[in-house]
Amino acid sequence: MTPGARIAAAIEILDRITAGAPAEKVLVTWARRSRFAGARDRAAVRDLVFDVLRRRRSCAARGGGESGRALLIGLLRERGEDPAALFTGEGHAPPPLAACETTAGAPPEGAAALDIPDWMLPAFEDSLGNDMAAVCRILRERAPVWLRVNTARCTRDEAARLLADEGIATRPSDHVDTALQVTENERRTRNSRAYRQGLAELQDLHSQALCRDLPLAPGARVLDYCAGGGGKVLALAARQPRARYFAHDAAPRRMRDLPTRARRAGADIQLLSCGEASGRAPFDLVLCDVPCSGSGAWRRSPEGKWRLDRPELERLMRMQVQILEEAKILVSPGGVLAYATCSLLRAENEARIKAFLAANPGWVCHFRRRYSPLRGGDGFFLAQLGRKQTI
Ligand SMILES: C[S@@+](CC[C@H](N)C(=O)[O-])C[C@H]1O[C@@H](n2cnc3c(N)ncnc32)[C@H](O)[C@@H]1O
C-alpha cells in the first residue's frame with residue numbers, strides 16, 4: 001500500500017471507531033477484508049489509528065472536526081507534515097483537501113492540548129500536581145515494549161542474548177532487575193524462541209515493579225483475586241517458585257489463557273472457580289488488582305480515555321470497595337491484603353485506602369507506592385494492608 005492508501009484505510013477505520021465500534025474489532029475486520037495489505041501495511045495503519053486515538057482532541061482541533069478524515073488531517077499537522085502531500089486523490093489516496101479544510105483547524109488549548117477530557121482535568125491536577133502536564137504528554141505517546149525475564153528459568157543477560165540472536169535488540173531497565181525494553185524489532189517478540197519457551201513474557205515495567213514489591217516467602221499461600229490474564233501471578237511465581245499460587249476472577253473466562261501461559265513459564269498456578277476462594281482461605285497474600293479507570297495505561301488503551309465518564313468511574317469505584325470487602329476475609333491473621341490499580345487518580349488510590357481504613361479500624365497500611373509514568377512504565381498504585389497486632 002502507498003502511504004496515501006494507508007491514510008485512506010485509517011480514515012475508514014476511524015469513522016467506524018468514532019461511531020462506537022471497538023478499535024481492535026474494527027482493525028481485525030479491516031485486515032481480514034483487505035487481503036492486499038501485507039504485515040507492514042497492517043502495522044502502519046494500526047499505528048496511525050492508535051496515534052490518533054491517543055491524541056484525539058488535538059487531532060480534532062488541528063483537523064477542524066471529528067470525522068476520520070479531519071482526525072487524520074489533524075494528526076499530520078500535529079506531526080508538522082503538510083496533509084496535501086498525502087491527500088492527493090491519486091491511486092487509493094484520499095481526495096485532495098477542499099478549500100474549507102485547508103483553512104479549518106486551530107492549535108488545541110487547555111485540556112484539549114493535554115488530550116484528556118475536560119471533566120478529568122481537575123482530578124488530574126489534584127492527583128498529579130506539578131507532574132500533570134508531563135504525564136499527559138507521555139500518555140499521548142506510544143508505550144515502550146517491556147519484557148519480563150522469567151528469572152526462575154534464566155538470567156536477564158541470557159534472555160537478552162537469545163533475543164539478540166533473533167535480531168530483537170533490548171536494553172535492561174536500571175531500576176527493575178527482571179525488565180528488558182525492546183528497542184528494535186518489537187513485532188518479532190511474540191514469535192521469538194525466548195517468548196515461546198517461556199523465558200520472557202510481555203509485561204509493563206511498573207507492573208513488574210509492583211510484583212517485585214509484594215512480600216513473598218517460601219511456602220506462602222498466594223491468591224491473585226482479580227487475576228484476569230494472570231500477568232501478575234505469573235510474575236510472582238517466577239520470583240518465588242517455592243510459594244503456592246491460586247488465581248481467581250469474577251469473570252473466569254478472562255483466565256482462559258492462564259493455564260497455557262503457566263505451562264510455558266513452568267509455573268504451577270491453581271485456578272479457583274467463583275465462590276471457591278473462601279473454601280481455600282486463609283492466604284498469606286491476597287492481591288486485588290482491581291478494575292479501575294485504567295488512566296495509568298491510557299497510552300496502551302487510548303479508547304478508555306474517551307469512553308470513561310463520571311457514572312462509569314463511580315461504578316468502578318463501588319466495585320473497588322466491594323472487592324476489598326470480599327478479599328479481606330480471605331487473608332490469614334498475619335497476612336497481607338494488597339490493593340493495586342493502573343490508575344493515576346487519587347480517588348481510586350490513596351482515597352480508596354483511606355476510606356477502607358476508616359471503615360475497618362482493625363487494619364493498617366504498611367506500604368504505599370505510586371509508580372509514575374515519568375519513570376518509563378505505566379502509572380500504577382500499590383498499597384499493602386494488614387490487621388493491627390493485638391498484644
Ligand atoms: C485490572 S484487571 C486484572 C489484570 C490482571 N491482574 C493482570 O495482571 O493481567 C481486573 C480484573 O478484575 C476482575 N473482577 C471484577 N470484579 C471482580 C470481583 N468482584 N472479584 C474478582 N475479580 C473481579 C475483572 O474480571 C478483571 O479481570
Side-chain angles (χ1 to χ4, degrees), residues 143 146-148 150 176 178-179 200-214 216 222-239 245-262 264-265 267 269-281 283 285-298 300-301 303-305 307-308 312-331 337-345 348-349 352 356 371 377-384:
W146 287 100
L147 292 173
R148 174 180 55 76
N150 183 355
V176 180
T178 50
E201 264 283 356
L202 287 159
Q203 187 174 23
D204 176 68
L205 177 71
H206 287 163
S207 180
Q208 297 184 47
L210 187 155
C211 292
R212 171 203 64 196
D213 291 342
L214 287 166
L216 268 186
V222 177
L223 172 65
D224 188 352
Y225 190 65
C226 304
K232 296 202 176 52
V233 73
L234 286 167
L236 297 178
R239 208 188 109 202
Y245 295 95
F246 300 85
H248 166 274
D249 197 290
R253 68 179 187 287
R254 290 188 184 241
M255 300 192 290
R256 63 183 173 266
D257 295 337
L258 184 47
T260 310
R261 291 176 81 188
R264 195 166 63 217
I269 295 167
Q270 196 172 334
L271 265 54
L272 301 182
S273 57
C274 280
E276 209 184 335
S278 55
R280 300 304 191 91
F283 299 94
L285 171 64
V286 177
L287 170 61
C288 298
D289 182 22
V290 296
C292 68
S293 63
S295 43
W298 273 346
R300 287 182 204 281
S301 311
E303 283 173 290
K305 178 148 86 162
R307 207 173 33 222
L308 185 71
E312 174 61 5
L313 181 58
E314 278 158 18
R315 190 186 71 83
L316 290 163
M317 295 202 311
R318 283 194 298 275
M319 283 172 83
Q320 294 159 6
V321 176
Q322 186 202 326
I323 289 173
L324 279 175
E325 289 300 318
E326 285 167 14
K328 74 179 184 197
I329 53 179
L330 305 174
V331 181
L337 174 61
Y339 174 84
T341 71
C342 58
S343 169
L344 299 169
L345 302 178
E348 296 185 278
N349 296 334
R352 168 72 39 251
F356 176 83
Y371 303 83
D378 291 345
F380 278 92
F381 173 81
L382 173 64
Q384 296 176 22

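Computed from a predicted model, the values in this text were never measured in an experiment. Note that ligands are numbered from 1 as they come in the structure, with each ligand's atoms numbered from 1 the same way.
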Select the closest option to atom 23 (C) of ligand 1 among Cys288, Ala250, Cys274, judged by heavy-atom distance. Ala250
Among Gly231, Ala227, Ala277, closest by heavy atom to atom 5 (C) of ligand 1 is Ala227
Based purely on interatomic distance, does Gln322 place a nitrogen or oxygen under 3.5 Å from a nitrogen or oxygen of ligand 1? no
With a cutoff of 4.0 Å, is Glu326 in contact with ligand 1, counting heavy atoms of the residue only? yes
Contact between ligand 1 and Val290 is defined here as a heavy atom of the residue under 4.0 Å from a ligand atom; is it met? yes
Interfacing atoms of ligand 1 (cut-off 4.0 Å, heavy-atom, Asp289): 1 (C), 2 (S), 3 (C), 4 (C), 5 (C), 6 (N), 7 (C), 8 (O), 10 (C)
Would you please name every residue forming a salt bridge (charged side-chain N to carboxylate O under 4.0 Å, His left out) with Glu325, sequence neighbours left out? Lys328
Run the contact test for His248 against ligand 1 with a 4.0 Å cut-off on heavy atoms, strictly below, and give the result. yes
Nearest neighbour of atom 3 (C) of ligand 1 from the list Ala327, Gly294, Cys226, on a heavy-atom basis: Cys226
Looking at side-chain heavy atoms only, is the closest gap between Phe381 and Arg352 below 4.5 Å? no
Can you find an N or O of Pro291 that's nearer than 3.5 Å to an N or O of ligand 1? no
Please tabulate, for side-chain N and O atoms in residues 255-262, each donor-acceptor pair with protein atoms closer than 3.5 Å (sequence neighbours left out).
unit_1: Arg256; atom_1: NH1; unit_2: Arg253; atom_2: O; d: 3.0
unit_1: Arg261; atom_1: NE; unit_2: Glu201; atom_2: OE2; d: 3.3
unit_1: Arg261; atom_1: NH1; unit_2: Gly229; atom_2: O; d: 2.7
unit_1: Arg261; atom_1: NH2; unit_2: Glu201; atom_2: OE1; d: 3.1

Shortest non-hydrogen separation from Tyr225 to Ala327 and the atoms involved: CD2-CB, 4.3 Å
Expected output: side-chain Gln208 to main-chain Gln203 donor-acceptor under 3.5 Å: yes
Any idea which part of Arg254 is under 4.0 Å from ligand 1, heavy-atom wise: side chain, backbone, both or neither? side chain
